Peer 1: 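Just passing along the structure, written as structure tokens.
Keep in mind that this is a model prediction, so the values were computed, not measured. FYI, the numbering just counts along the sequence from 1. Note that these values count all heavy atoms, side chains included, but never hydrogens, waters or copies made by symmetry.
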Amino acid sequence: MSEAPHLTFDLDSRGASRGYLVVPGGIDRGELSLPVFSLNEGEGPRLLVTGGNHGNELEGPLIARRLIDWLPEAQTCGRVIVLPVLNPLAVQAWSRNTPLDGLNLNRVFPGRADGSVTERIADAVSRILLPAADTIFDLHSFGPTWNFPAAATTHPISDPDLMARTVRMAEAFQLPLTLVWQHNETAGMFDMVAQNQGKVFVCAELGGGTVGANSLAIYEAGVRNALLALGLVDGEPEYPTYRQQKSGKTLETRPSDELKSPATGIFEPRCSVLDEVKRGDIIGVLHPMNSLTAESINIRAPEPAIVLGIGSGAHVEINEGVALLARPLTIR
Ligand SMILES: [Zn+2]
């Protein structure tokens, strides 16, 4: 029996601490040590910031590192814990899931102490770090195969008060998009475990495509705006410009808003994220490549909507998602 998960430093000690969250070994591999930063300035909000939940979403770990650089100069109260990489095995493999056990970390929360390595990471975070925070920002992104605006997101929450507080927190990022995302595969998500404990959890989706300097600047400004709103740092919010005027929307999306490929082939996007489309407008075109006589198929908007995310041009299977639509938020 290996030892229990633990931190190599005391979260209650004042000032900045750097150490590790130790995830015990198991049958599949030995112990893991995840680097953790904590800055304790006494009374005030208790925030946990995590990145690298999915291993091919690398903006989050980079922004977490920047946060660790400037927080000691900026933080005036409260405690901020930063864990830049939740799943180092997935990040090292540039893979959404953990290669060793094939599991998606964001579907196994709260984890299992005697489970496989992904479940043990979730267990350590749930038991050691989650109780130490009232607000959690988990920094994701859409990865290289989608175009998606920088967004602060949540899922519908059954407690209306927590829902309202969570949407307000998400809007405080001042990102191009605030999104309430309803989908059917939420079991085991980090969000759910935190929200069930009454905590405010915002999942930032830091855009799609490759990691770039402009999107990182927007992302960093968003996280700083959220820290300002919490009162952890002083200063004025910045409103990053994103594609001229198209910023600051609060939208919702449902499972039926995902457009799927009608056939196997290459998807060609025909619109951009945050475009407003009418019923029947062409969102993209699917080109079957197995025969030159097979006709290309137009994929059209089923109703008026705003384009939330769109595949960035890739070979897709039949029924694979190629676009996500959205509409202004009505549930609050
Ligand atoms: Zn993710």
Side-chain angles (χ1 to χ4, degrees), residues 18 20-21 23 32-37 47-71 80-109 117-118 121-122 124-125 129 136-153 170 173 175-177 179 181 189-191 201-227 240 242-243 273 308-314 321 324:
R18 290 170 177 81
Y20 296 92
L21 173 66
V23 179
L32 270 177
S33 292
L34 314 185
V36 178
F37 169 86
L47 173 68
L48 169 64
V49 181
T50 52
N53 186 330
H54 292 133
N56 56 359
E57 302 172 8
L58 301 185
E59 286 89 344
L62 296 176
I63 297 303
R65 287 293 297 250
R66 290 189 186 182
L67 196 57
I68 293 169
D69 286 342
W70 57 252
L71 262 183
V80 181
I81 303 169
V82 185
L83 173 55
V85 173
L86 277 165
N87 191 344
L89 303 179
V91 166
Q92 286 155 19
W94 203 54
S95 148
R96 181 173 174 83
N97 295 356
T98 315
L100 195 57
D101 57 16
L103 293 178
N104 177 343
L105 175 60
N106 210 24
R107 295 296 182 279
V108 301
F109 275 88
V117 63
T118 310
I121 293 172
V125 171
L129 296 183
I136 299 96
F137 301 155
D138 194 22
L139 309 181
H140 288 249
S141 49
F142 251 68
T145 60
W146 283 78
N147 281 312
F148 197 87
T153 76
F173 279 70
L175 286 173
L177 180 67
L179 180 67
W181 193 331
M189 291 186 77
F190 192 10
D191 324 24
F201 189 110
V202 174
C203 177
E205 292 284 357
L206 301 182
T210 50
V211 177
N214 286 343
S215 55
L216 285 173
I218 291 175
Y219 211 167
E220 184 177 9
V223 172
R224 182 175 169 275
N225 288 342
L227 265 65
Y242 180 77
R243 300 197 179 178
V273 292
L308 174 61
I310 188 156
S312 56
L324 273 171

Peer 1: Go through the structure and list residues passing side chain to side chain contact (heavy atoms under 4.5 Å, CB included) with T153, not counting sequence neighbours.
Peer 2: A151, L179, C203, E205

Peer 1: Can you name the nearest heavy-atom pair linking L308 to P149, along with the distance?
Peer 2: O-CD, 3.1 Å

Peer 1: If you take all heavy atoms of P35 and S33, which pair is closest and at what distance?
Peer 2: CD-O, 3.6 Å

Peer 1: Could I get the full list of side chain to side chain contact (heavy atoms under 4.5 Å, CB included) partners for L58, not counting sequence neighbours?
Peer 2: V91, W94, V211

Peer 1: Stepwise, does the side-chain contact (heavy atoms from CB on, under 4.5 Å) test hold for N87 with H54?
Peer 2: CA-CA 7 Å; N87 191 344; H54 292 133; over 6 Å; no

Peer 1: In the structure I gave you, are the side-chain heavy atoms of L227 and F137 within less than 4.5 Å of one another anywhere?
Peer 2: yes

Peer 1: Between L34 and I121, does the side-chain contact (heavy atoms from CB on, under 4.5 Å) criterion hold? Intermediate values first, please.
Peer 2: CA-CA 9 Å; L34 314 185; I121 293 172; 4.3 Å; yes

Peer 1: Please round to the nearest 0.5 Å and tell me the distance separating atom CZ of F142 and atom CG of N147.
Peer 2: 10.5 Å

Peer 1: As an exercise, state the distance from CZ of R96 to CG of L103, rounded to the nearest 0.5 Å.
Peer 2: 12.5 Å

Peer 1: Compare every heavy atom of P176 with every heavy atom of A150, then report the nearest pair and how far apart it is.
Peer 2: O-CD, 3.3 Å

Peer 1: Working to the nearest 0.5 Å, report the span between CG of L86 and CG of N106.
Peer 2: 9.0 Å

Peer 1: Walk me through it: do L67 and F37 pass the test side-chain contact (heavy atoms from CB on, under 4.5 Å)?
Peer 2: CA-CA 10 Å; L67 196 57; F37 169 86; over 6 Å; no

Peer 1: Give, for atom CZ of R107 and atom CG of L105, the distance between the pair rounded to the nearest 0.5 Å.
Peer 2: 10.0 Å

Peer 1: Suppose the criterion is salt bridge (Lys or Arg N to Asp or Glu O under 4.0 Å): which pairs have a residue in residues 213-226, not counting sequence neighbours?
Peer 2: R66-E220, R224-E238

Peer 1: Which heavy-atom pair separates N104 from T118 by the least distance, and what is that distance?
Peer 2: C-CG2, 4.3 Å

Peer 1: Could I get the full list of ring-ring contact (aromatic ring centres under 6.0 Å, His included) partners for F201, not counting sequence neighbours?
Peer 2: F190

Peer 1: With rounding to the nearest 0.5 angstrom, report the NE2 to CG distance, H140 to N56.
Peer 2: 11.0 Å

Peer 1: If you look only at pairs with a residue in residues 206-218, which of them pass as a salt bridge (Lys or Arg N to Asp or Glu O under 4.0 Å), with sequence neighbours excluded?
Peer 2: none

Peer 1: Would you name the heavy atoms of A64 and V82 that are closest together and state the gap between them?
Peer 2: CB-CG1, 3.7 Å

Peer 1: Could you report the tightest heavy-atom contact between D138 and G51, atom names first, then the distance?
Peer 2: OD1-N, 4.3 Å

Peer 1: Please report the C-alpha distance between L129 and T50 in whole Å, then the side-chain angles of each, then the deciding distance to 0.1 Å, and finally whether the side-chain contact (heavy atoms from CB on, under 4.5 Å) criterion is met.
Peer 2: CA-CA 10 Å; L129 296 183; T50 52; 5.6 Å; no

Peer 1: What pairs with A170 under side chain to side chain contact (heavy atoms under 4.5 Å, CB included), at least two apart in sequence or on another chain?
Peer 2: A152, T178, V202

Peer 1: Quick one: does L177's side chain get under 4.5 Å of V273's, heavy atoms only?
Peer 2: no

